[in-house]
Amino acid sequence: MAKQPIKKSLDRLKMEAANEVGVNLKDGYNGNLTSKQAGSVGGQMVKKMIEAYGNKQK
């Protein structure tokens, strides 16, 4: 199924973004995160996706 490689890529991006902002994620459910931590990870992911898109356009 084509969605599996995309999910793995997003999971890898999520772990990388979490590491960059200092949030300790584990595989699977991370319900113990605060809203601030989860938002930091999500924001970093969006930033990285925008950068990747910009680099692709060059």
Side-chain angles (χ1 to χ4, degrees):
M1 184 176 234
K3 291 182 181 181
Q4 198 60 20
I6 295 169
K7 179 168 177 15
K8 287 183 181 183
S9 293
L10 284 174
D11 285 344
R12 191 169 45 249
L13 176 65
K14 178 172 60 176
M15 291 300 211
E16 185 179 308
N19 187 43
E20 289 174 5
V21 295
V23 175
N24 186 22
L25 286 186
K26 59 185 182 215
D27 288 335
Y29 182 68
N30 286 282
N32 60 324
L33 296 180
T34 65
S35 296
K36 182 177 181 178
Q37 290 171 316
S40 294
V41 173
Q44 185 69 8
M45 288 176 69
V46 170
K47 181 180 174 184
K48 292 177 79 58
M49 285 187 256
I50 291 170
E51 287 173 358
Y53 181 78
N55 290 337
K56 186 177 179 182
Q57 297 301 313
K58 291 181 181 180

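What's counted below: heavy atoms across the whole structure, side chains too, no hydrogens, waters or symmetry copies. Here the structure is a predicted model, which is why all the values come from computation and not from measurement.
- The side-chain contact (heavy atoms from CB on, under 4.5 Å) test with Val41 singles out one residue from Val21, Asn30, Val46, and that residue is Val21.
- Using a 4.5 Å heavy-atom threshold, the side chains of Leu25 and Leu33 count as touching.
- For Asn32, the CG atom sits in a packed shell: over 12 heavy atoms of surrounding residues, nucleotides or ligands are nearer than 6.0 Å.
- Under the 4.5 Å side-chain heavy-atom criterion for ILVMFWY residues, a single connected hydrophobic cluster contains both Ile6 and Met49.
- By the neighbour-count criterion of 12 heavy atoms within 6.0 Å, atom CG of Asn55 is densely surrounded, having more than that number from other residues, nucleotides or ligands.
- Annotation: the span from Glu51 atom CD to Lys56 atom NZ amounts to 15.5 Å, rounded to 0.5 Å.
- Applying the side-chain hydrogen bond (donor to acceptor under 3.5 Å, both in side chains) test to Glu16 and every residue at least two apart in sequence or in another chain returns Lys48.
- The shortest side-chain heavy-atom distance between Lys14 and Leu10 does not fall under the 4.5 Å cut-off.
- Residues satisfying the salt bridge (Lys or Arg N to Asp or Glu O under 4.0 Å) criterion with Lys47, sequence neighbours excluded, are absent altogether.
- Taking CE of Met15 as the reference point, atom NZ of Lys26 lies at 10.0 Å (rounded to 0.5 Å).
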